[in-house]
Peer 1: 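Supplied in structure tokens, the structure appears directly below.
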Amino acid sequence: MRTRGTDIQFPPRLRLSRVPTPIELLAQPPEPFEEAGVEIFIKRDDLTGGAMSGNKVRKLDFLLADALAQECDTVLTCGDVASNHCRTATLAAAQLGMRTHLILRGERPGVADGNLFLSLLAGASVEYLSPSDYARRDEVLAEAADRLASEGRRPYVIPEGGSNPLGCFGYLNCAREIAWQSDHLGYQFTHVVCASGSGGTQAGLMLGAQTYLPEVEVIGINVSSRGDVLHERIRQLLELWAREFQPEVESDQTPIALINDYVGDGYGCTTAEEFRLIRTLARRTGLILDPIYTGRAFRGLVEEVRRGRFKPGSHLLFVHTGGLAGLFPHREVLLAHDPREELP
Ligand SMILES: Cc1ncc(COP(=O)(O)O)c(C=O)c1O
């Protein structure tokens, strides 16, 4: 799909996200970057807000503008028990005077921690589904929407991760922001890299890059799904976006750069190496990655640099998509003594 800059009509948006977010050179990066002659910058989308921070806020800027335009009063969405998206949606809805109902994958934990704690604190009502029931989440969302409507509420349904064509505008807009920052602050990136879960962040960046950053390759690092499944999801998002927002533009087949080598045992099964990298980066650089998305994606990026994927002189921009609250349930393992840990 080819977007054309001047032709992109941005839909109405709210200003929930604190943007533009800074771009910073990562001082003291892990050794492979220096050895490969590759510079690594961080797009600090972990700073899109306080408790309501991370990549999802950018999508909600557009999605909740639509919800308000439709005079909805309840946000209805879904995700894992540890979902950043559900936490962000709940806090955003509260700020707008709306209620939230969440369909969550997993069991009700004995103690609500991390993202779930924040969602409950901000007043979300919650239904817990087993992983097999969660597989039919879109139907469950539709049933919940009918139920809420029969109770006199006006629900606004947001799919998992806020990843639908309208949500893609969040990262399309972020690509425009990166292009502006490149022009005005003198950066030149060769690659933009992000964690890819439900695919909307990568799809949005790809759509935006086609117009605003045509020389830049957007790379997603799959953190959870089967590679072919996520690839297909992203392809569908690109296609649906084009059909809905630029039907007159000829499609173009930009390949989807998705790295699937770091999924390991799947969503949320953080490896010892990922935990170690999170600790090392926190100690060396003050940058806090999360165990599910950014920790996995950054560890994958380090490995790709080590494997020689990027030519010397490459300038990489890693989009730090947030997820801080997801760290807290892992406090014990993160603070456990690790003899291989390199102290600053
Ligand atoms: C912190 C964080 N990073 C990255 C992602 C992946 O974004 P997407 O679902 O748009 O692929 C998510 C999704 O939940 C997230 O919470």
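As the structure lists them, so they are numbered: ligands from 1, and atoms in each ligand from 1. All figures in this text were calculated on a predicted structure; none of them were measured in a lab.
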Peer 1: Step by step, work out the side-chain hydrogen bond (donor to acceptor under 3.5 Å, both in side chains) result for Ser198 and Ser163.
Peer 2: CA-CA 6 Å; Ser198 61; Ser163 288; 2.7 Å; yes
Peer 1: What class does the angle between the rings of Tyr267 and Tyr293 fall in, given that below 30° is parallel, 30 to 60° is tilted and above 60° is perpendicular?
Peer 2: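 The rings of Tyr267 and Tyr293 stand perpendicular, inter-plane angle above 60°.
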Peer 1: Can a cation-pi geometry be assigned to Arg58 and Tyr171, taking NZ or CZ under 6.0 Å from the six-membered ring centre and within 45° of the ring axis?
Peer 2: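 Output yes; distance and angle both within limits.
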Peer 1: Could you check if a side-chain atom of Glu39 sits within less than 4.5 angstrom of a side-chain atom of Leu25, using non-hydrogen atoms only?
Peer 2: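 Contact flag for Glu39/Leu25 side chains = yes.
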Peer 1: Just to verify, which of Gln181, Lys43, Arg44 counts as forming a side-chain hydrogen bond (donor to acceptor under 3.5 Å, both in side chains) with Thr21?
Peer 2: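 When side-chain hydrogen bond (donor to acceptor under 3.5 Å, both in side chains) is applied between Thr21 and each of Gln181, Lys43, Arg44, only Lys43 qualifies.
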Peer 1: What pairs meet the salt bridge (Lys or Arg N to Asp or Glu O under 4.0 Å) rule with one or both residues in residues 71-92, with sequence neighbours excluded?
Peer 2: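 Listed once each, the pairs are Asp80-Arg105.
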Peer 1: Show the protein residues that qualify under the rule heavy atom under 4.0 Å from an atom of ligand 1, listing them in chain and number order.
Peer 2: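 Residues within 4.0 Å of ligand 1: Asn55, Lys56, Lys59, Asn84, Ser163, Ala195, Ser196, Gly197, Ser198, Gly199, Gly200, Thr201, Tyr293, Thr321, Gly322, Gly323.
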